Undergrad: 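Below is the structure I would like to discuss, written out as structure tokens.
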Amino acid sequence: MTIRTAVFVNEQAVPLENEFDDDDSRSTHLLLGVPKQNGYDYVGTIRIVPPSPDETHPLNGGLYVNGILQNGGSLPPPLALSGDDQDEKYLKLGRLAVRKEFRLGGKRYGRTLVIHALEHARRHADEFPGWDGLFYVHAQKQVMAFWEKCGFVLDEGLGAWVEEGIEHVGMHRRVELGKPVVD
């Protein structure tokens, strides 16, 4: 959680009490380390959030603080991707964070984390009954291009919203459960 605190709290000014949520305890967390003289230097993390029957999607134009809608309206509708995948179960990738000093130099640590998360979930698909390879992210708008390079597609039907002062959009990607995920 040190990496997430450094990135989201220290760099992006997300309040510490809002960075960690109920999804943390039910998620699979992956940590990326690079070898150093006496072990590993941990450079990044990502979480895989399993399907939840009470998952909701942020409202288009919504302003959220600690997951609570701040600008009026009612509870968001149950989460459904637009188009043909509306009722399909999905896994959500989130809290992707790479320490600042490891983001430059072309090492692609963020992309490595995403690919490993996709592959980890694919290999453990039996732990998610009814899941058929669909992933979803609440992508910060400023890094949409990164997610596109990882094979995610913008779902324009979901619109845009603000979480913790940062504009987000919905994106998704499908993997074939019978084939390894490759970069």
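Owing to the predicted nature of the structure, the values given are computational and were not obtained by experimental measurement.
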Undergrad: Which residues pass the side chain to side chain donor-acceptor pair (under 3.5 Å) test with Glu17, sequence neighbours left out?
TA: none
Undergrad: Do you know which of Glu88, Lys89, Arg173 makes side chain to side chain contact (heavy atoms under 4.5 Å, CB included) with Leu134?
TA: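 Filter result, single survivor: Glu88.
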Undergrad: Contact between Tyr136 and Leu91 at the side-chain level, heavy atoms closer than 4.5 Å - yes or no?
TA: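 They are not in contact (no side-chain heavy atoms under 4.5 Å apart), so the answer is no.
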Undergrad: For Ala117 and Leu93, which heavy atoms make the closest approach, and how far apart are they?
TA: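 Nearest pair, atom of Ala117 first, then Leu93: CB-CD2, 3.9 Å.
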Undergrad: Under 3.5 Å, side chain of Arg4 to main-chain N/O of Ile46, donor-acceptor pair present?
TA: no
Undergrad: Between Thr5 and Phe20, is a side chain to side chain contact (heavy atoms under 4.5 Å, CB included) present by the stated rule, with each step listed?
TA: CA-CA 9 Å; Thr5 299; Phe20 304 99; 3.6 Å; yes
Undergrad: Under 4.0 Å between a Lys/Arg side-chain N and an Asp/Glu carboxylate O for Lys179 and Glu119?
TA: no
Undergrad: Hey, mind stepping through Gln70 and Val162 against side chain to side chain contact (heavy atoms under 4.5 Å, CB included) and telling me if it holds?
TA: CA-CA 10 Å; Gln70 302 294 307; Val162 176; over 6 Å; no
Undergrad: Looking only at heavy atoms, which two atoms of Arg26 and Val49 are closest? And how far apart?
TA: NH2-CG1, 3.5 Å
Undergrad: When the ring planes of His124 and His120 are compared, do they come out parallel, tilted or perpendicular, using 30° and 60° as the limits?
TA: tilted
Undergrad: Charged N to carboxylate O under 4.0 angstrom, Asp24 versus Arg47?
TA: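 Here Asp24 pairs with Arg47 in a salt bridge, since their nearest N and O are under 4.0 Å apart.
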Undergrad: Measuring from Asp126:CG to Leu177:CG, what's the distance to the nearest 0.5 Å?
TA: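 CG of Leu177 is found 10.5 Å from CG of Asp126.
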Undergrad: Should Leu32 and Val143 be regarded as members of a common hydrophobic cluster, given that ILVMFWY residues are connected when their side-chain heavy atoms come within less than 4.5 Å of each other, either directly or indirectly?
TA: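 Per the 4.5 Å side-chain linkage, Leu32 and Val143 are co-clustered.
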Undergrad: Which atom names give the shortest non-hydrogen contact between Gly67 and Glu164, and what distance separates them?
TA: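 That closest heavy-atom pairing would be N-OE2, 4.2 Å.
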Undergrad: Measure the spacing between CZ of Arg99 and OG1 of Thr45 and express it to the nearest 0.5 Å.
TA: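 That separation rounds to 12.0 Å.
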Undergrad: Assess the residue pair Tyr64 and Asn18 against the criterion (side chain to side chain contact (heavy atoms under 4.5 Å, CB included)); give the C-alpha distance rounded to whole Å, side-chain angles, the decisive distance to 0.1 Å, and a yes or no.
TA: CA-CA 11 Å; Tyr64 293 82; Asn18 297 355; over 6 Å; no
Undergrad: When clusters are formed by joining ILVMFWY residues with side-chain heavy atoms under 4.5 Å apart, either directly or through shared neighbours, do Phe8 and Val43 land in the same one?
TA: no
Undergrad: I need the Ile3 CD1 to His29 NE2 distance, nearest 0.5 Å.
TA: 12.5 Å
Undergrad: Are Val137 and Val153 linked, directly or through intermediate hydrophobic residues, by side-chain heavy-atom contacts shorter than 4.5 Å (ILVMFWY only)?
TA: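 No, because Val153 and Val137 fall into different hydrophobic clusters, even though each may have its own neighbours under 4.5 Å.
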Undergrad: So, taking the atom named CG in Leu31 and the one named CE in Met1, what distance separates them when rounded to the nearest 0.5 Å?
TA: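 Between atom CG of Leu31 and atom CE of Met1 there are 10.0 Å.
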Undergrad: Atom CZ in Arg111, atom CG in Leu96: separation rounded to 0.5 Å?
TA: 12.5 Å
Undergrad: Describe, in one word, how the ring planes of Trp161 and His168 are oriented to each other, choosing from parallel (under 30°), tilted (30 to 60°) and perpendicular (over 60°).
TA: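 Aromatic pair Trp161/His168 classed parallel.
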Undergrad: What pairs of donor and acceptor atoms, side-chain ones from residues 102-110 against any protein atom, are under 3.5 angstrom apart with sequence neighbours left out?
TA:
| unit_1 | atom_1 | unit_2 | atom_2 | d |
| --- | --- | --- | --- | --- |
| Arg103 | NE | Val98 | O | 2.8 |
| Arg103 | NH1 | Glu11 | OE1 | 3.0 |
| Arg103 | NH2 | Glu11 | OE1 | 2.9 |
| Arg103 | NH2 | Glu11 | OE2 | 2.8 |
| Arg103 | NH2 | Val98 | O | 2.9 |
| Arg108 | NH2 | Asp183 | OD1 | 3.2 |
| Arg108 | NH2 | Asp183 | OD2 | 2.3 |

Undergrad: Is the shortest side-chain heavy-atom distance between Arg122 and Glu176 below 4.5 Å?
TA: no
Undergrad: Linking I/L/V/M/F/W/Y whenever any side-chain heavy atoms sit under 4.5 Å apart, do Leu63 and Val14 land together?
TA: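 Cluster IDs for Leu63 and Val14 differ.
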Undergrad: Do the charged groups of Asp21 and Arg95 touch, with an N to O distance under 4.0 Å?
TA: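 Salt bridge flag = yes for Arg95 with Asp21.
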Undergrad: For Leu154, enumerate each residue passing the side-chain contact (heavy atoms from CB on, under 4.5 Å) test, keeping only those at least two apart in sequence or located in another chain.
TA: Met144, Glu156, Val169, Met171
Undergrad: Taking all atoms of both residues into account, what is the closest heavy-atom pair of Phe128 and Pro50, and its distance?
TA: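 Shortest heavy-atom contact: CE2-CB, 3.9 Å.
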Undergrad: Quick one: do Tyr42 and Ile48 end up in the same hydrophobic cluster if we chain Ile, Leu, Val, Met, Phe, Trp and Tyr together by side-chain heavy atoms under 4.5 Å apart?
TA: no
Undergrad: Can you name the closest pair of heavy atoms from Val114 and Phe152 and give their distance?
TA: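 The answer is CG1-CE1, 4.1 Å.
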Undergrad: Is a side-chain donor-acceptor pair under 3.5 Å present for Gln140 with Gln12?
TA: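 Yes, a side-chain donor-acceptor pair sits under 3.5 Å.
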Undergrad: Can you name the nearest heavy-atom pair linking Asp23 to Ser27, along with the distance?
TA: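 Here Asp23 and Ser27 meet closest at O-OG, 2.5 Å.
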Undergrad: Quick check on Asp22: does its CG atom have over 12 non-hydrogen neighbours (other residues, nucleotides or ligands) under 6.0 Å away?
TA: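 No, the 6.0 Å shell around CG holds no more than 12 heavy atoms from other groups.
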